[in-house]
Protein chains: 4
Amino acid sequence: MAGVNKVILIGNLGKDPEVRHLEGGSTVANFTLATNEYYRDKQGTRIERTEWHNIAAWRGLAEMAEKFLKKGQQVYVEGKIRTRQYQDKDNQTRYITEIIADEITMLGSRPHGQEAAAGAPAAAEAPQTFRQEPELDQLPF
Amino acid sequence: MAGVNKVILIGNLGKDPEVRHLEGGSTVANFTLATNEYYRDKQGTRIERTEWHNIAAWRGLAEMAEKFLKKGQQVYVEGKIRTRQYQDKDNQTRYITEIIADEITMLGSRPHGQEAAAGAPAAAEAPQTFRQEPELDQLPF
Amino acid sequence: MAGVNKVILIGNLGKDPEVRHLEGGSTVANFTLATNEYYRDKQGTRIERTEWHNIAAWRGLAEMAEKFLKKGQQVYVEGKIRTRQYQDKDNQTRYITEIIADEITMLGSRPHGQEAAAGAPAAAEAPQTFRQEPELDQLPF
Amino acid sequence: MAGVNKVILIGNLGKDPEVRHLEGGSTVANFTLATNEYYRDKQGTRIERTEWHNIAAWRGLAEMAEKFLKKGQQVYVEGKIRTRQYQDKDNQTRYITEIIADEITMLGSRPHGQEAAAGAPAAAEAPQTFRQEPELDQLPF
DNA sequence: TTTT
DNA sequence: TTTT
């Protein structure tokens, strides 16, 4: 039974994307994204709660992230949840949950006092949407 | 800067919900949800990939989950991602990512050879949607 | 400023898809989808409200719809809203809002007393997800 | 069979919200929202396509829209699709499709040369999310 | 570690 | 009718 696994986030990058070129030719960009929530507690005090998400962008989307995204920027990210396991230094099994991005849209304006990454569109140009191209070996059937 | 943290899943319960009544009066129901994805690899072989999600439903939604949801059932879950840390038995910090459900809708029909949970609507009745009522101390401001 | 225009529906087909082969070689499948909502009114009476959506699936997705979808079937549809205008028989401008599907997933089981469309997967096979392949002339920039 | 009818939009207000106080005590705010899409056509020319959506916000959300939203502002809107019919001046049945907003989040910064609506949060304050409170007579069952 |  |  086919299912749906979809995540929609709007938040700010906690750091510049880190790009790695893997053996085998793949490229992946990783960054953290903060989504902020505000509410009042029982005493009426305003509370801010920040959730941090690990974002992974692969292949073409990784290159876009490297070129156009910077720490602090507000973005829309659409993707899916993936939890993978790894062995830590004590050889214990650990789990990490990531969002595999399918689409990234730049929102609002750049933060003050911060330059766009090299190659980013000039202020006069329209901010952009980037979509992951489907891999030939990952088409649904 | 307010953000968005939204998850949309369609999958099948991996087990009956486990309900706990916490000190302080809250109720929480936990269950796992499998979302299946199908694709062909480079050799053209059909691959099935299952992602397991930890779902937490609180308060009124927990009671609904306890009454109406059972292992194997197909559901739509809307909610948000939350990662919390805890100390494991070796006093090491560990992280677990959960989906806090805001809305659960029952889909399709019950799996063969499986009874509905006690109190579930008869087959002739419309399957249902359950929404979390907002907590008075958690309204946005 | 790039935006987001996303629709997520779960409902039942109101009729079999109607497929048209347009001059120029495109194929489009149209069907209606009912999304049901249940609530109680002020008197406590159960109310059912049905919203009807016009779904359009293009190219590869149209062929999938023609092969695999039938009246009554429960599906997940992801797509975007598009309103287009046309002239009615009195030469007045009219508007119609459609959902252009990007992804369709078959849910649950087939309705009783109804055969699957020719070519549909056997009951024992996994229901399927179909995604629109991007058109070369419609990639984001 | 309960369904799902969900819309997620990011766009800019085409005009200030228009607020009406209906007989019976309800308040509704209406505004248009432009979602922009960019792509290249077969000749490689950059095309901008704008979709206009009719947004309706009721009750508490209408008051928030009136206070805090202005023409040009970039917002995230979550809601559902509703098509209603009415009689035009020639007594012909016409249809209009609207998005009934459940949640509105203000994004980015205010457009240059434009004042915030009276009562809007000062620049130093966090932009906000507004959610529709459920009506007692519209709870799911 | 972000943003306001 | 928006935005860049």
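In what follows, chains carry the letters A, B, and so on, assigned in the order in which the sequence lines appear, proteins first and then strands, with residues in each chain numbered from 1.
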Next item on the list: Report yes if some heavy atom in the side chain of B:Lys6 is under 4.5 Å from a heavy atom in the side chain of B:Lys80; otherwise report no.
Entry: no
Note to self: Between D:Phe68 and D:Phe130 (judged by ring centroids, cut-off 6.0 Å), do the two rings come close enough to count as a pair?
What the structure shows: yes
Item checked: Minimum-distance nucleotide to A:Thr50 side chain [options: F:dT1, F:dT2, E:dT2] -> E:dT2
Note to self: Check for me whether the distance between the ring centres of D:Tyr95 and D:Tyr86 falls short of 6.0 Å.
What the structure shows: no
Check: Between A:Glu18 (CD) and E:dT1 (P), how many Å, whole number?
Finding: 14 Å
Notebook entry, point to check: Looking at side-chain heavy atoms only, is the closest gap between A:Arg46 and A:Tyr38 below 4.5 Å?
Noted result: no
Notebook entry, point to check: When the distance from CG of A:Leu107 to P of E:dT4 is rounded to whole Å, what number comes out?
Noted result: 13 Å
Check: Is there side-chain contact between A:Asn36 and A:Glu48, with at least one heavy-atom pair below 4.5 Å?
Finding: yes
Notebook entry, point to check: How would DNA chain E look in dot-bracket form, 5' to 3', counting Watson-Crick and G-U wobble pairs with both distances under 3.5 Å and writing | for bases paired to another strand?
Noted result: ....
Next item on the list: Nearest whole angstrom, please: distance from the C1' of E:dT1 to the CD1 of A:Ile55.
Entry: 13 Å
Item checked: For atom NZ of D:Lys70 and atom C1' of F:dT1, their distance in whole Å -> 14 Å
Next item on the list: Tell me which nucleotide among E:dT2, F:dT3, E:dT4 gets nearest to the side chain of B:Met1.
Entry: E:dT4
Item checked: Residue D:Lys15, side-chain atoms from C-beta onward, closest of F:dT1, E:dT2, F:dT4 -> F:dT1
Next item on the list: Could you check whether D:Thr35 gets within reach of a base, just the sugar-phosphate, or nothing at all, counting any heavy atom under 4.0 Å?
Entry: nothing
Checklist line | Backbone N/O of A:Gln92 and side chain of A:Asp90: donor-acceptor pair under 3.5 Å | finding: no
Next item on the list: Could you check which of F:dT3, F:dT1, E:dT3 has an atom nearest any side-chain atom of A:Tyr38?
Entry: E:dT3
Check: Nearest to the side chain of A:Thr32 - E:dT1, F:dT2, F:dT3?
Finding: E:dT1
Checklist line | Protein-nucleotide distance (D:Ile10, atom CD1; F:dT3, atom P), rounded to Å | finding: 17 Å
Next item on the list: Using atom NZ of A:Lys71 as one end and atom C1' of E:dT3 as the other, report the distance to the nearest whole Å.
Entry: 12 Å
Next item on the list: Send over the distance from D:Leu33 CG to F:dT1 P, rounded to a whole Å.
Entry: 16 Å
Notebook entry, point to check: What is the distance from CZ of A:Arg49 to P of E:dT4, rounded to the nearest Å?
Noted result: 21 Å
Check: So, does B:Asn54 use its side chain to make a donor-acceptor pair with the main chain of B:Thr32 at under 3.5 Å?
Finding: no
